[in-house]
Amino acid sequence: MVLSWREGQGDCRLLLSVMLLFWEAGRGQVHYWVSEEAKHGTFVGRITQDLGLELAELVPRLFRVASKDRGDLLEVNLQNGILFVNSRIDREELCGRRAECSIHLEVIVDRPLQVFHVEVEVKDINDNPPVFPKAVKNLFIYESRSLGSRIPLEGASDADIGANSLLTYRLNSNEYFTLDVKRNDEEIKSLGLVLKKLLNREDTPEHHLLITAVDGGKPELTGTAQLKITVLDVNDNAPEFESTIYKVKLFENAPNGTLVVTVNASDLDEGINKDIVYSFNTDTSADTLSKFHLDPVNGYIIVKGDIDFELTKLYEIQVEATDKGNPPMADHCTVLVEILDTNDNVPELAVKSLSLPILEDAPVGTVIALISVSDLDSGANGQVTCTLTHHVPFKLVSTFKNYYSLVLDSVLDRESVANYEVVVTARDGGSPSLSATVSMSVEVADVNDNAPAFAQHEYTVFVKENNPPGCHIFTVSARDADAQENALVSYSLVERRVGERALSSYVSVHAESGKVYALQPLDHEELELLQFQVSARDAGVPPLGSNVTLQVFVLDENDNAPALLPPGPGGGPMKLLENVPNGTLVIKLNASDLDEGLNGNIMYSFSADILPIVKSKFYMDPITGEIMVKGYIDFEETKSYEILVEGIDKGQPPLSGHCTVMVEVEDTNDNAPVMEFKFLSLPIREDAPLGTVIALISVSDLDSSVNGQVTCTLSPHVPFRLVSTFKNYYSLERRQRVCSGEGPPKTDLMAFSPSVPDSGDREDQQAATVGSLSKVTRQDSLSNTNSWSSLKLMSIELVMPSNHLILCLPHLLLPSVFPRIRVFSNESALRIRWPKYWSFSFSISPSNEYSGLISFRSD
């Protein structure tokens with residue numbers, strides 16, 4: 001692009017050439033150039049296109065441009081991706097007189113982080129005219145100055161470079177002076193006036209000249225200075241320096257007072273005209289005057305200010321030697337002081353871009369930071385080498401001149417190292433070398449790459465049965481090595497069926513704390529082992545999880561009492577023969593206890609409230625539960641035993657079960673019949689009528705059933721017979737006459753027999769010859785046996801007669817309705833009335849002394 005315009009009265013053409021020169025492969029560098037003084041908005045280049053970026057991604061990826069130089073000179077239009085001039089670019093202000101002048105741009109985009117280096121070279125234009133140190137220069141020349149003598153002048157300077165700074169000089173036409181320009185091997189021009197015609201102060205005391213400097217630019221620019229020459233009166237010899245040019249090398253930072261050089265001039269005159277005074281040229285810059293001091297007598301030049309190579313690399317000092325003649329004469333020389341660099345500048349480090357935190361799964365080669373390094377020194381002193389902390393998973397990659405990228409060199413693991421303190425050290429090549437460091441804390445961001453982990457794959461838990469509902473039985477805990485949400489663990493049951501029921505009906509787990517609760521009382525007898533899994537899952541995306549197995553053993557508690565099985569076949573009574581020997585097994589009890597261990601270990605014993613007689617007859621083995629005979633078993637003594645048994649387990653507290661063992665004693669024929677004469681009437685009269693009762697015999701047998709059934713017989717061939725009058729009672733009666741010499745019977749016996757006539761009333765009075773009244777008692781009630789109803793005896797009236805009455809009252813089964821009976825007696829007779837065809841008996845209550853027999857005996 002070429003733009004031209006006119007400004008002021010002269011023609012000015014500004015050549016603006018902007019072109020893309022090259023792309024350096026592998027280094028991400030784009031090179032443009034632009035002329036200085038380009039207008040605002042001047043096109044520089046299609047930077048996004050040249051960098052391979054899409055316009056649509058500039059804003060989302062935070063496209064930005066940074067520069068270590070003035071950052072406002074160039075700008076990028078994010079809508080079209082064009083790099084343009086944003087503000088005035090002055091090459092001389094930006095780079096001074098350096099031959100090369102570039103603006104270094106860093107183009108940075110994120111997601112992922114990419115850094116591009118763009119170099120925009122600033123081309124010089126001829127925008128600076130030559131400038132003389134002074135617009136008016138006063139010179140004093142003796143009129144005796146010889147032809148051809150040369151008067152040195154301070155030349156002009158041009159801030160431009162190259163051809164634009166190449167100067168030529170012109171002097172206005174005059175008859176006395178010509179302009180002499182000399183160029184030495186250092187390309188330093190020495191400007192001077194050469195006298196071509198002798199001066200005559202009296203003719204022309206002053207001369208006015210105009211010197212013009214023209215640069216080599218197109219269009220060319222000029223600068224002028226006026227020379228005012230005053231012609232002085234004679235002073236024959238001017239001082240003369242040993243050398244017109246003194247070259248000196250001086251290290252920067254030389255201390256004040258350091259001798260730089262000694263200039264020396266001599267004067268052939270004598271006296272005061274020979275005395276020389278040294279001084280800096282009046283055109284010497286203020287900066288030079290502030291750095292050096294010239295001894296006016298000895299010509300010593302010494303350091304008096306800070307000498308900095310980075311500010312000025314060469315000082316050109318004009319020194320004058322002036323004698324003290326009148327008028328004084330002077331000579332000039334040039335002192336070139338070359339400043340040598342010392343390693344006095346520490347390298348500078350600057351982090352231009354930092355993309356943190358970095359994800360732990362970032363791929364190798366990910367750019368983390370862009371670091372710029374610089375050193376104001378030159379040569380080896382300015383050559384900087386960057387190193388990185390050892391044993392970090394990063395490396396420095398040189399991406400451009402004095403630029404390094406901090407990139408990922410190996411795989412990261414936040415769980416191993418969550419933060420790296422990275423120290424970048426920049427060291428120059430000076431001797432001794434100087435270094436600078438910059439520290440960065442590189443945080444590794446977590447990704448969900450770790451599942452929650454339990455300390456064990458399986459836990460064993462012991463829980464006592466009969467726990468209260470909702471009790472806490474265990475706490476599971478899983479650790480997730482990740483951070484924040486990725487490490488937030490929640491717990492849940494891995495549902496399954498336990499028999500016919502869901503696992504969640506037995507236990508639950510708190511989602512946050514991992515506490516496991518038993519939702520209902522556990523029963524060891526129902527469920528000895530409850531095995532299930534708990535899942536731990538983090539809150540990452542996607543979530544990760546793991547399981548742990550819990551084995552819950554339900555411990556037995558003594559919550560079941562022993563159960564004693566009913567004794568005997570079908571639960572009936574046990575049969576035991578009387579007179580069995582001691583040690584005879586009656587029964588072996590079998591008890592069960594659903595508990596285990598000591599809780600299910602049963603000891604057998606008799607109950608505390610068992611009757612002493614039972615305890616005396618039987619023994620129980622506490623371990624086997626066998627009940628054995630230990631005492632004499634007599635059916636006639638006790639026909640049955642009720643044995644109260646308890647089984648006690650060994651739990652704490654102990655529990656017991658009870659049962660009753662009914663033992664029925666079976667009779668054996670171990671008792672002989674017993675015969676007893678209850679009544680005997682002897683002698684018997686021979687004329688006693690048939691059926692006369694002679695004796696009342698009672699027979700008994702303590703045995704029962706057939707063993708206790710007694711049959712009585714009478715010796716043969718006797719005139720008597722046995723008549724069963726009542727159960728176990730026999731009457732010995734006369735069955736035929738007895739021959740005897742005795743008179744009629746004197747006694748008569750009347751016995752009441754169970755068997756009575758079927759019909760008719762019976763009323764009789766009989767006398768008793770034997771017997772005595774032991775005791776007569778009153779009983780207001782009659783009792784029946786064999787489930788007969790109770791009867792009420794209204795009254796019994798007994799009067800002691802002279803006769804004796806015997807009432808044999810064995811136990812008689814009576815009807816439920818018993819008629820009223822009265823017994824009357826007077827002195828002459830005893831009368832007994834009872835209903836016809838009824839036999840009766842009554843019993844005296846146990847509190848009475850006698851029952852069943854009432855007998856009277858006469859005095």
- Item | Heavy-atom closest contact (L94 atom, C101 atom, distance) | CD2-SG, 3.8 Å
- Item | Within 6.0 angstrom of E206 CD, more than 12 heavy atoms from elsewhere | yes
- Roughly how far apart are L153 CG and L193 CG, rounded to 0.5 Å? 4.0 Å
- Measuring from I161:CD1 to L166:CG, what's the distance to the nearest 0.5 Å? 11.0 Å
- Task: Please confirm whether the backbone N or O of L198 pairs with a side-chain atom of N200, one donor and one acceptor, at under 3.5 Å?
- Result: no
- Between the side chains of N419 and S441, does any donor sit under 3.5 Å from an acceptor? yes
- Query: Would E310 and D344 count as a side-chain contact (heavy atoms from CB on, under 4.5 Å) if you check the C-alpha gap in whole Å, the side-chain angles of each, and the deciding distance to 0.1 Å?
  - Reply: CA-CA 10 Å; E310 287 71 37; D344 62 338; 3.9 Å; yes
- Query: Knowing that exactly one of E320, Q318, E154 qualifies, which makes a side chain to side chain donor-acceptor pair (under 3.5 Å) with N281?
  - Reply: E320
- Here the gap from N164 atom CG to D215 atom CG, rounded to the nearest 0.5 Å, amounts to 6.5 Å
- Message: With side-chain contact (heavy atoms from CB on, under 4.5 Å) as the criterion, how do T399 and L370 come out once you've worked through the C-alpha distance, each side chain's angles and the decisive distance to 0.1 Å?
- Response: CA-CA 9 Å; T399 55; L370 179 66; 4.3 Å; yes
- Should F140 and I151 be marked as a side-chain contact (heavy atoms from CB on, under 4.5 Å) after you check the CA-CA gap, both sets of side-chain angles, and the distance that decides it? CA-CA 10 Å; F140 297 91; I151 299 95; over 6 Å; no
- Query: D160 side chain to N128 main-chain N or O, any donor-acceptor pair under 3.5 Å?
  - Reply: yes
- Query: Between L83 and V120, is any pair of side-chain heavy atoms under 4.5 Å apart?
  - Reply: yes
- Can you pull the side-chain hydrogen bond (donor to acceptor under 3.5 Å, both in side chains) pairs that have at least one residue in residues 365-375, sequence neighbours excluded? none
- Message: Looking at D287, is its backbone amide N or carbonyl O close enough to the side chain of Y315 to form a donor-acceptor pair, meaning the two atoms are under 3.5 Å apart?
- Response: no
- Query: Considering only heavy atoms from C-beta outward, does the side chain of E121 approach that of H31 to under 4.5 Å?
  - Reply: yes
- In terms of heavy-atom contacts, P239 and T322 come closest through CG-C, 4.2 Å
- Is a side-chain N or O of K291 found less than 3.5 angstrom from the main chain of K304, in a donor-acceptor match? no
- Message: Can you confirm whether T342 sits close enough to F309 that some side-chain heavy atom of one is under 4.5 Å from a side-chain heavy atom of the other?
- Response: no
- Item | Heavy-atom side-chain proximity of Q114 to L51 below 4.5 angstrom | no
- Message: Counting only heavy atoms not in E421 (residues, nucleotides, ligands), do more than 12 fall under 6.0 Å from its CD?
- Response: yes
- Query: S353 and R64: which non-hydrogen atoms are nearest, and at how many Å?
  - Reply: OG-NH2, 3.3 Å
- Item | Gap separating the NE2 atom of H117 from the OG atom of S405, nearest 0.5 angstrom | 5.5 Å
- Distance in Å, I141 CD1 paired with Y176 OH, rounded so as to fall on 0.5 Å steps: 12.0 Å
- Query: Between D323 and N273, does a side-chain hydrogen bond (donor to acceptor under 3.5 Å, both in side chains) hold up when you go through it step by step?
  - Reply: CA-CA 6 Å; D323 59 23; N273 293 330; over 6 Å; no
- Check whether any side-chain heavy atom of D50 sits under 4.5 Å from a side-chain heavy atom of Y32, and report yes or no. yes
- Pick out which of V248, V319, V337 makes a side chain to side chain contact (heavy atoms under 4.5 Å, CB included) with I301. V319
- Message: Looking at T389 and V423, would you say the former's side chain and the latter's main chain have a donor-acceptor pair under 3.5 Å?
- Response: yes
- Query: How close do Y300 and L259 get, heavy atom to heavy atom, and via which atoms?
  - Reply: CB-CD1, 3.9 Å
- With a cut-off of 6.0 Å (strictly less than), are more than 12 heavy atoms of other residues, nucleotides or ligands near CD of E240? no
- Message: Looking at every heavy atom in both L354 and A369, which two are closest together, and how far apart are they?
- Response: CD1-CB, 3.5 Å
- Item | Side chain E36, main chain I125, donor-acceptor under 3.5 Å | yes
- Contact summary for A426 and V373, nearest pair of heavy atoms: CB-CG1, 4.3 Å
- With under 30° as parallel and over 60° as perpendicular, where do the rings of Y278 and F241 fit, or are they tilted in between? tilted
- Just do the side-chain contact (heavy atoms from CB on, under 4.5 Å) check on N174 and H207 with the steps written out, would you? CA-CA 9 Å; N174 66 89; H207 297 270; over 6 Å; no
- Main-chain N/O of P219 paired to N126 side chain as donor or acceptor, under 3.5 Å: yes
- Message: In the structure I gave you, are the side-chain heavy atoms of D295 and I302 within less than 4.5 Å of one another anywhere?
- Response: no
- Query: Would you call R98-D124 a salt bridge at under 4.0 Å N-O?
  - Reply: no
- Value rounded to 0.5 Å, distance of CD1 in I103 from CG in L73: 4.5 Å
- Task: State, without any angle test, whether T222 and R170 hold a side-chain donor-acceptor pair at a distance under 3.5 Å.
- Result: no
- Side-chain heavy atoms of L396 within contact of I371, under 4.5 Å: yes
- Message: Determine whether a donor-acceptor pair (N or O, by modelled atom type, separation under 3.5 Å) exists between the side chain of S285 and the backbone of T288.
- Response: yes
- Item | Polar side-chain atom of D409 near backbone of K395 as donor-acceptor pair, under 3.5 Å | no
- Query: Under 4.0 Å between a Lys/Arg side-chain N and an Asp/Glu carboxylate O for K137 and D283?
  - Reply: yes
- Message: For L268, is there any backbone N or O sitting under 3.5 Å from a side-chain donor or acceptor partner on N237?
- Response: no
- Pair E37 + R88, salt bridge at N-O below 4.0 Å: yes
- Could you tell me whether the side chain of M440 reaches within less than 4.5 Å of the side chain of L406, counting heavy atoms only? yes
